[in-house]
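Chain letters run A, B, ... following the sequence lines, proteins first and then strands; every chain starts at 1.
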There are 2 protein chains.
Amino acid sequence: MSENRALKTVNLSVIKTACSNCNLRELCLPLGLNSLEMAKLEEIVSNRKRVKRGDLLYRAGEPFEALYAIRSGFFKTDVIMEDGRDQVTGFQMSGELLGLDGISNENHSCNAIALEDSEVCLIPFDHLERLSRQVPTLQNHFHKVMSREIVRDHGVMMLLGTMRAEERLAAFLLNLSQRFVARGYSPAEFYLRMTREEIGSYLGLKLETVSRSFSKFQEEGLIAVQQKHIRILDIPGLKRLMNHGQG
Amino acid sequence: MSENRALKTVNLSVIKTACSNCNLRELCLPLGLNSLEMAKLEEIVSNRKRVKRGDLLYRAGEPFEALYAIRSGFFKTDVIMEDGRDQVTGFQMSGELLGLDGISNENHSCNAIALEDSEVCLIPFDHLERLSRQVPTLQNHFHKVMSREIVRDHGVMMLLGTMRAEERLAAFLLNLSQRFVARGYSPAEFYLRMTREEIGSYLGLKLETVSRSFSKFQEEGLIAVQQKHIRILDIPGLKRLMNHGQG
DNA sequence: CGACCTTTTGAACGTATTCAACCGATGTGG
DNA sequence: CCACATCGGTTGAATACGTTCAAAAGGTCG
């Protein structure tokens, strides 16, 4: 009732972030909140921010103040060692939260870089903590989001620690596929937003190995690949490949 | 009161968990709490549990109900794939929290196994959430603990994704050393609680490679190793080795 | 004390990397 | 709008690193 949802000539740029209208609310922080609770969350999700392709949303070492919910676009996070080597720690897409690494010591510990023009919702962390003390549903869901990140990381460790090159790539493609499905896109056809080198960094492989593995998958009829455009032709085949590691 | 564990002469086993007396309180969940807050925490840290060497504290798939603070002892966590391959995701020592992985979907996603006779404090998770709604310091600290786990995992990804065998082992030894120091033990001399195979699983290497790398370090005068007994002779040397990856 | 598990070490092997050349796509400035 | 420069991707051949297989020695625990 006393909701926004304007009449006529309300300038688009004035429309505040409205989680309740966001089609990502089932993937994002508002999951499970009732409309009253959602309204409270909207109050603290203060602003949106645009990040152009190639730009950093935040940088390792910067003070941590807010989490970011990806409204649209695609990001990578990476960590860089003193000697220059870097490791991509994840690829994030719409509805996912960026910045959780910064809570630990109030400084970001990785870089977040937009792989395409993107838009994020700012969630000042002190506000989020305050609100989640009042809204148990939000509190619990936030804890689950953090925990899910830990579980995801364990999956990456498994991938890096025990899988061969082609298994890693298969796992990577299947994971992307799943996440696209959850967003209403095709599970079988998508554009990669990242380069072979970035995929390689994430998977602990060199870009040449990634490229060779793509070619091999194509030869075997598992996928059709043309640069960044991927069509998965045989999902069960990829799954089989993934779980038949060392024979 | 209606508790088990009979009375008689103030039996030692009756003494309740008392965070305020625990010498791990500066490493563990109570960090930063005042005495009133600590008292509240003690109320919910209900019981202790002994876990014998080789026994599982929890198992992947089991329903998640509580976190566990390690009071004494040493654990590993691992994840097992359908095809039997397994990945050690971490080694945990006193003052560290086990079970964070279970929050995400209310089921544990890894196994926690005691590598020596150990004792843990049970922290029922619903109680913890309730209390952390009342105690902002606790809430914030808990968030930091979870975030720290995420940052740690990123470090492991870096290790698995970009480091060579010897660098990984050096990083592993230096990490253990640091953690022992934080607990008042020697940074340079300690017993490994895990086998070469478990180290290898954690580091994404085979046990033979771990063994060979230990021998190499010994030849180079970096460490003295005798089975599970380690003496680090040249910490700066190990650090150098770790950061001079690909030349 | 004997059985078993862990660790060490050697030699052959295999997978991913490195180095290099080439091709195609993309984007910018004249 | 085209030409050119740059970046990203593919593919081949040689190499290197860690793995695999194997044997034996050293510890540990019933």
Side-chain angles (χ1 to χ4, degrees), chain A residues 52-54 76 85-88 113 115-117 159-173 191-220 223-230 241 244-247, chain B residues 52-54 76 85-88 113 115-117 159-173 191-220 223-230 241 244-247:
Chain A
K52 283 218 294 279
R53 178 191 151 125
K76 72 167 177 182
R85 283 182 284 182
D86 73 325
Q87 171 72 28
V88 170
I113 298 144
L115 296 182
E116 61 181 28
D117 291 356
L159 183 147
L160 292 170
T162 78
M163 294 189 186
R164 336 181 128 294
E166 289 174 23
E167 297 179 88
R168 296 186 199 184
L169 191 61
F172 172 71
L173 290 174
Y191 279 90
L192 298 173
R193 280 19 183 259
M194 67 297 278
T195 65
R196 302 289 189 261
E197 184 168 22
E198 286 163 335
I199 297 173
S201 171
Y202 181 62
L203 299 179
L205 301 170
K206 294 294 159 187
L207 68 94
E208 295 95 329
T209 308
V210 173
S211 180
R212 274 185 247 276
S213 301
F214 270 131
S215 301
K216 182 116 181 290
F217 286 178
Q218 178 148 256
E219 281 168 31
E220 291 166 349
I223 65 173
V225 51
Q226 213 170 5
Q227 305 293 124
K228 297 201 144 76
H229 180 235
I230 301 281
L241 198 157
H244 275 282
Q246 47 222 35
Chain B
K52 284 218 293 280
R53 178 189 152 129
K76 71 168 177 181
R85 284 181 285 181
D86 72 324
Q87 172 73 28
V88 170
I113 298 144
L115 296 182
E116 61 180 30
D117 291 356
L159 183 147
L160 291 170
T162 78
M163 295 189 187
R164 335 182 129 293
E166 289 174 25
E167 297 180 87
R168 297 185 198 184
L169 191 62
F172 171 72
L173 290 174
Y191 279 89
L192 298 173
R193 283 15 184 261
M194 68 298 279
T195 66
R196 301 289 189 262
E197 186 168 20
E198 287 163 333
I199 297 173
S201 172
Y202 180 61
L203 299 179
L205 302 169
K206 294 293 158 186
L207 69 94
E208 294 95 329
T209 307
V210 174
S211 179
R212 274 185 248 274
S213 301
F214 271 131
S215 300
K216 182 117 181 290
F217 286 179
Q218 178 148 257
E219 281 168 32
E220 291 167 348
I223 66 172
V225 51
Q226 213 169 5
Q227 305 294 124
K228 298 202 144 73
H229 181 235
I230 301 281
L241 197 156
H244 276 282
Q246 45 223 38

OP1, OP2 of [N] versus side-chain N and O of [X]: anything below 4.0 Å?
{"X": "A:K228", "N": "C:dT26", "result": "no"}
{"X": "B:T209", "N": "D:dG18", "result": "no"}
{"X": "B:K206", "N": "D:dT20", "result": "yes"}
{"X": "A:R196", "N": "D:dT10", "result": "yes"}
{"X": "A:S215", "N": "D:dT11", "result": "yes"}

To the nearest Å, give me how far apart [atom1] ([X]) and [atom2] ([N]) are.
{"X": "B:E197", "N": "D:dG18", "atom1": "CD", "atom2": "C1'", "answer": "16 Å"}
{"X": "B:I223", "N": "C:dT7", "atom1": "CD1", "atom2": "P", "answer": "13 Å"}
{"X": "A:L205", "N": "D:dA16", "atom1": "CG", "atom2": "C1'", "answer": "16 Å"}
{"X": "B:L192", "N": "D:dT28", "atom1": "CG", "atom2": "P", "answer": "13 Å"}
{"X": "A:E219", "N": "D:dT10", "atom1": "CD", "atom2": "C1'", "answer": "12 Å"}
{"X": "B:R85", "N": "D:dT20", "atom1": "CZ", "atom2": "P", "answer": "11 Å"}
{"X": "A:L169", "N": "D:dT10", "atom1": "CG", "atom2": "P", "answer": "11 Å"}
{"X": "A:L115", "N": "D:dG8", "atom1": "CG", "atom2": "C1'", "answer": "14 Å"}

Would a 4.5 Å heavy-atom cut-off, applied to side chains only, mark A:F214 and A:I199 as touching?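 With C-beta onward as the side chain, the pair touches.
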
Could you check if a side-chain atom of B:R168 sits within less than 4.5 angstrom of a side-chain atom of B:L160, using non-hydrogen atoms only?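 The answer is yes; the side chains approach within 4.5 Å.
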
Summarise how protein sits on nucleotides 22-27 of chain D as a single string, 5' to 3': B when a protein heavy atom is under 4.0 Å from the base, S for sugar-phosphate-only contact, - for no contact. ------

Roughly how far apart are [X] [atom1] and [Y] [atom2], rounded to 0.5 Å?
{"X": "A:L115", "Y": "A:L192", "atom1": "CG", "atom2": "CG", "value": "10.5 Å"}
{"X": "B:Q226", "Y": "B:Q218", "atom1": "CD", "atom2": "CD", "value": "8.0 Å"}
{"X": "A:S213", "Y": "A:E167", "atom1": "OG", "atom2": "CD", "value": "11.0 Å"}

Taking the nucleotide of DNA chain D with the closest heavy atom to each, which residue, B:R53 or B:A165, is nearer the 5' end?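 This one resolves to B:A165.
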
Would you classify [X] as touching base, sugar-phosphate or nothing, given that sugar-phosphate means primed atoms plus P, OP1 and OP2, and contacts are heavy atoms under 4.0 Å?
{"X": "A:L207", "value": "base"}
{"X": "A:S211", "value": "base"}
{"X": "A:G204", "value": "sugar-phosphate"}

Partners of B:E116 by side chain to side chain contact (heavy atoms under 4.5 Å, CB included), sequence neighbours excluded?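 Per chain and number, B:E116 pairs via side chain to side chain contact (heavy atoms under 4.5 Å, CB included) with B:F74, B:S118, B:R193.
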
Residues in side chain to side chain contact (heavy atoms under 4.5 Å, CB included) contact with A:E197, at least two apart in sequence or another chain: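 So A:E197 forms a side chain to side chain contact (heavy atoms under 4.5 Å, CB included) with A:T195, A:L207.
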
For A:K216, all residues meeting salt bridge (Lys or Arg N to Asp or Glu O under 4.0 Å), sequence neighbours excluded: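 Result, salt bridge (Lys or Arg N to Asp or Glu O under 4.0 Å) vs A:K216: A:E166, A:E220.
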
Bend angle of the helix from C:dC1-D:dG30 to C:dG30-D:dC1 from five-pair axes at both ends, rounded to 10°?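 Inter-axis angle at the termini of the helix from C:dC1-D:dG30 to C:dG30-D:dC1: 50°.
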
I'd like to know if B:R212 reaches the base of C:dG10 with its side chain, counting only an N/O donor and acceptor under 3.5 Å.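 Result: at least one qualifying N/O pair found.
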
Applying side-chain contact (heavy atoms from CB on, under 4.5 Å), run through A:F217 and A:L169 and close with a yes or a no. CA-CA 10 Å; A:F217 286 178; A:L169 191 61; 3.9 Å; yes

Please list, chain by chain and in numerical order, all residues satisfying side chain to side chain donor-acceptor pair (under 3.5 Å) with B:E208, sequence neighbours excluded.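 B:E208: no side chain to side chain donor-acceptor pair (under 3.5 Å) contacts found.
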
